[in-house]
Amino acid sequence: MLRQAVAELAARYGYQYFIDKAKSGGKTTELWEEAGRLGYLGVAVPEEYGGGGGGIYELAIVCEELAAGGCPLLLIVVSPAIAATVIAKVGTEDQKKRYLPGFADGSLKMSFAITEPDAGSNSHRLATVARRDGTDWLLTGRKVFISGVDETDATLVVARLAESSTGRLRPALFVVPRDTPGLEYREIPMEVTSPEKQFQVYLDEARLPADALVGGEDAGLPALFAGLNPERITIAAYANGIARFALARGVAYARARQVWDVPIGQHQGIAHPLAQAKIAVELARLATQKAAWLYDQGERGADGVDDTAVGEAANIAKYAAAEAAIDAVDKAIQAHGGNGLTTEYGVGALWSIVRAARIAPVSREMILNFVAQHTLGLGRSY
């Protein structure tokens with residue numbers, strides 16, 4: 001029922017709405033607000049804070065079906081999937097009461113800032129530092145490729161405590177409102193057709209109250225990792241939805257386009273690539289559903305489900321979905337021939353969107369490193 005309802009919502013807006021917003025510099029505010037009012041953005045927020053009381057499985061459905069309807073919303077990955085999950089899992093009771101109702105109805109949007117210019121995929125080299133100043137905190141550092149800072153109310157920033165500026169990582173997460181003195185952001189010009197923009201974020205002794213620290217000083221790595229598996233699972237769902245949308249366009253064109261008096265989809269040279277892409281997408285969807293189910297089971301304390309199993313499944317799902325989605329978009333473009341690169345047929349612009357899934361939020365190479373080391377027991381290569 002949730003899948004059908006979200007699909008119906010996406011159909012009321014559709015790809016043209018999404019792409020017009022992306023190309024004009026607009027935002028998908030109307031869709032976001034309606035999805036929030038209907039409870040779809042808050043499906044994974046605990047019921048006591050106004051949410052649906054579901055899990056990442058349900059949130060992945062929302063993410064996938066919006067994308068499959070031509071409206072892939074990247075902010076679902078960073079706001080309800082990462083930020084809301086982190087606060088629900090490790091936040092103080094006051095923080096939960098302050099933020100979770102807004103996540104539940106979509107009235108609060110929050111970015112997530114971990115990536116830094118000099119750290120790359122090595123989060124142990126984070127240089128953004130938080131230090132005490134009386135009861136306040138002062139944050140100093142730089143972040144890069146932070147999604148949607150211009151349209152979110154705050155950013156969940158990953159820093160390290162000043163006393164651990166060298167040695168092992170001791171992360172801390174802070175809620176930084178967009179209007180905080182000392183916070184500046186600058187858009188990064190991107191070759192990606194999306195209404196959600198990417199930004200560099202600069203923190204110059206940005207002053208925050210004591211309660212901006214999520215979960216307290218001892219939250220540490222569990223606070224950081226609380227949002228990373230939901231991030232991988234929902235980005236996989238996002239990619240799966242885009243793949244489904246592209247395939248639907250490719251198949252529709254193959255049925256309608258006639259050359260030599262028959263539809264081109266009757267020829268194996270067109271039909272087989274689309275069929276192969278369909279199989280790969282369905283396998284990726286299964287991997288994503290498995291990962292979401294395992295994550296939720298682990299959160300509910302099911303026997304035999306640990307962080308290693310969830311991490312493995314989430315990384316595999318993200319890898320499989322990105323590869324399948326890139327292939328599906330490519331096959332859909334190819335089925336259209338020259339029309340695949342025209343604005344009219346609405347598949348060419350998907351390429352830049354879906355190609356990013358192989359890079360972010362974690363590259364395919366780092367996923368292969370993870371599986372080689374943690375699943376196959378091979379030596380660490382980095």
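Computation of the quantities below employed the complete heavy-atom set of this structure, encompassing side-chain atoms and omitting hydrogens, waters and symmetry-equivalent molecules.
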Strictly below 4.0 Å, N to O, side chains only: are E65 and R244 in salt-bridge contact? yes
Ignoring hydrogens and geometry, is there a side-chain-to-backbone donor-acceptor pair from E184 to L203 under 3.5 Å? no
Test of understanding: clusters of I, L, V, M, F, W, Y form through side-chain heavy atoms closer than 4.5 Å, transitively. Do V192 and L75 belong to the same one? no
Enumerate donor-acceptor pairs with a distance under 3.5 Å from any side-chain N or O in residues 296-303 to protein atoms, sequence neighbours excluded.
residue: D296; atom: OD1; partner: I56; partner atom: N; Å: 2.9
residue: D296; atom: OD2; partner: I56; partner atom: N; Å: 3.3
residue: D296; atom: OD2; partner: Y57; partner atom: N; Å: 3.0
residue: E299; atom: OE2; partner: K89; partner atom: NZ; Å: 3.0

Is any side-chain heavy atom of V158 less than 4.5 Å from a side-chain heavy atom of T128? no
T140: what forms a side chain to side chain donor-acceptor pair (under 3.5 Å) with it, not counting sequence neighbours? none
Verify same cluster id: F245, I61 (apolar side-chain graph, 4.5 Å): no
I want to check something: taking the side chain as every heavy atom from C-beta on, are L66 and Y40 in contact at a cut-off of under 4.5 Å? no
Atom CD of Q334 and atom CG of D327: how far apart are they, to the nearest 0.5 Å? 11.0 Å
Quick one, W351 and D330 - any side-chain contact, counting heavy atoms below 4.5 Å? yes
For the residue pair S107 and D105, confirm or rule out a side-chain donor-acceptor distance under 3.5 Å. yes
V129 and L139, any side-chain heavy atoms less than 4.5 Å apart: no
Would you be so kind as to tabulate the donor-acceptor pairs closer than 3.5 Å made by side chains of residues 16-27, with sequence neighbours excluded?
residue: Q16; atom: NE2; partner: D20; partner atom: OD1; Å: 2.9
residue: Y17; atom: OH; partner: E30; partner atom: OE1; Å: 2.7
residue: Y17; atom: OH; partner: L31; partner atom: N; Å: 3.4
residue: K21; atom: NZ; partner: E30; partner atom: OE2; Å: 3.3
residue: S24; atom: OG; partner: D20; partner atom: O; Å: 2.8
residue: S24; atom: OG; partner: K21; partner atom: O; Å: 3.4
residue: S24; atom: OG; partner: G26; partner atom: N; Å: 3.4
residue: K27; atom: NZ; partner: D150; partner atom: OD2; Å: 2.8
residue: K27; atom: NZ; partner: P195; partner atom: O; Å: 3.0

Nearest atoms (heavy-atom pairs only) where A239 meets A325: O-CB, 3.4 Å
For S79, enumerate each residue passing the side-chain contact (heavy atoms from CB on, under 4.5 Å) test, keeping only those at least two apart in sequence or located in another chain. W32, F103, K109, M110
So do the side chains of E191 and S352 get within less than 4.5 Å of each other, counting heavy atoms only? no
Exercise: do E344 and T342 side chains pair donor with acceptor under 3.5 Å: no
Salt bridge between R12 and E8, side-chain N to carboxylate O under 4.0 Å? no
Taking CZ in R132 as the centre, count heavy atoms belonging to other residues, nucleotides or ligands within less than 6.0 Å. Is the count above 12? yes
I'd like to check Y99 versus L156 (side-chain heavy atoms, cut-off strictly below 4.5 Å). Are they in contact? no
V259: which other cluster members, linking ILVMFWY side chains closer than 4.5 Å, directly or transitively? L247, V251, Y253, W260, I264, I270, L274, V281, Y345
N/O donor-acceptor pair under 3.5 Å between D133 side chain and D136 backbone: no
L2 vs E58, side-chain contact (heavy atoms from CB on, under 4.5 Å): CA-CA, chis, key distance, verdict: CA-CA 8 Å; L2 176 65; E58 287 78 13; 3.9 Å; yes
Side-chain donor/acceptor pairs under 3.5 Å, residues 221-238, sequence neighbours excluded:
residue: R232; atom: NE; partner: N315; partner atom: OD1; Å: 3.2
residue: R232; atom: NH1; partner: L228; partner atom: O; Å: 3.2
residue: T234; atom: OG1; partner: P230; partner atom: O; Å: 2.7
residue: T234; atom: OG1; partner: E231; partner atom: O; Å: 3.3

Supply the atom-to-atom distance I87 CD1 to T92 OG1, rounded to the nearest 0.5 angstrom. 9.0 Å
May I have the step-by-step check of side-chain contact (heavy atoms from CB on, under 4.5 Å) for Q289 and N240, ending in yes or no? CA-CA 11 Å; Q289 290 165 12; N240 290 335; over 6 Å; no
Selection residues 132-162 - residue pairs positive for ring pair (Phe, Tyr, Trp, His ring centres under 6.0 Å), sequence neighbours left out: W137-F174
With hydrophobic residues grouped by side-chain heavy-atom distances under 4.5 Å, do L286 and W293 end up in a single group? no
One should read off an interatomic distance between F370 CZ and I316 CD1, to the nearest 0.5 angstrom, of 8.5 Å
Does the side chain of E34 come under 3.5 Å of the side chain of Y13 through a donor N or O and an acceptor N or O? yes
Does K331 reach the main-chain N or O of H272 with its side chain, forming a donor-acceptor pair under 3.5 Å? no
To the nearest 0.5 Å, atom CD1 of I333 lies from atom CG of L350 at 7.0 Å
4.5 Å side-chain heavy-atom contact, E151 and E196: yes
Gap between atom SG of C63 and atom CD1 of I76 - 0.5 Å precision: 5.0 Å
May I ask you to decide if I359's main-chain N or O and S363's side chain share a donor-acceptor pair within less than 3.5 Å? no
Just grab all the salt bridge (Lys or Arg N to Asp or Glu O under 4.0 Å) pairs involving residues 346-370, residues at least two apart or on different chains. E323-R358, E323-R364
Take V62 and V43, measure what side-chain contact (heavy atoms from CB on, under 4.5 Å) needs, and give me the verdict at the end. CA-CA 9 Å; V62 174; V43 288; 4.2 Å; yes
One should read off an interatomic distance between I146 CD1 and T152 OG1, to the nearest 0.5 angstrom, of 10.0 Å
Nearest heavy atoms of C71 and A10, plus distance in Å: SG-O, 4.2 Å
Is the backbone of K197 close enough, under 3.5 Å, to the side chain of E187 for a donor and an acceptor to pair up by distance? no
Please check if the side chain of E205 supplies one atom and the backbone of L138 the other of a donor-acceptor pair under 3.5 Å. no
Salt bridge flag under 4.0 Å for residues R98 and E93: no
Go through the structure and list residues passing salt bridge (Lys or Arg N to Asp or Glu O under 4.0 Å) with R37, not counting sequence neighbours. none
Quick note, side chain to side chain donor-acceptor pair (under 3.5 Å) partners involving residues 369-381, not counting sequence neighbours, are E312-T375, N369-S381
Could you go through the side-chain contact (heavy atoms from CB on, under 4.5 Å) check for V329 and R249 one step at a time? CA-CA 10 Å; V329 170; R249 287 283 171 108; over 6 Å; no
Is it true that E64 and R3 make a salt bridge, defined as a side-chain N closer than 4.0 Å to a carboxylate O? yes
Flag yes if I242 and L59 sit in one hydrophobic cluster, no otherwise; membership is Ile, Leu, Val, Met, Phe, Trp, Tyr, and two members link when side-chain heavy atoms are under 4.5 Å apart. no
For residues 177-219, pull every pair meeting ring pair (Phe, Tyr, Trp, His ring centres under 6.0 Å), keeping only residues two or more places apart or in separate chains. Y185-F199
With side chains defined as the heavy atoms from C-beta onward, is the minimum distance between R207 and T180 less than 4.5 Å? no
Apart from L283 itself, members of its ILVMFWY cluster (side-chain separation under 4.5 Å) are I279
Establish whether I188 and L183 are linked, either directly or via other cluster members, by ILVMFWY side-chain heavy-atom contacts under 4.5 Å. no
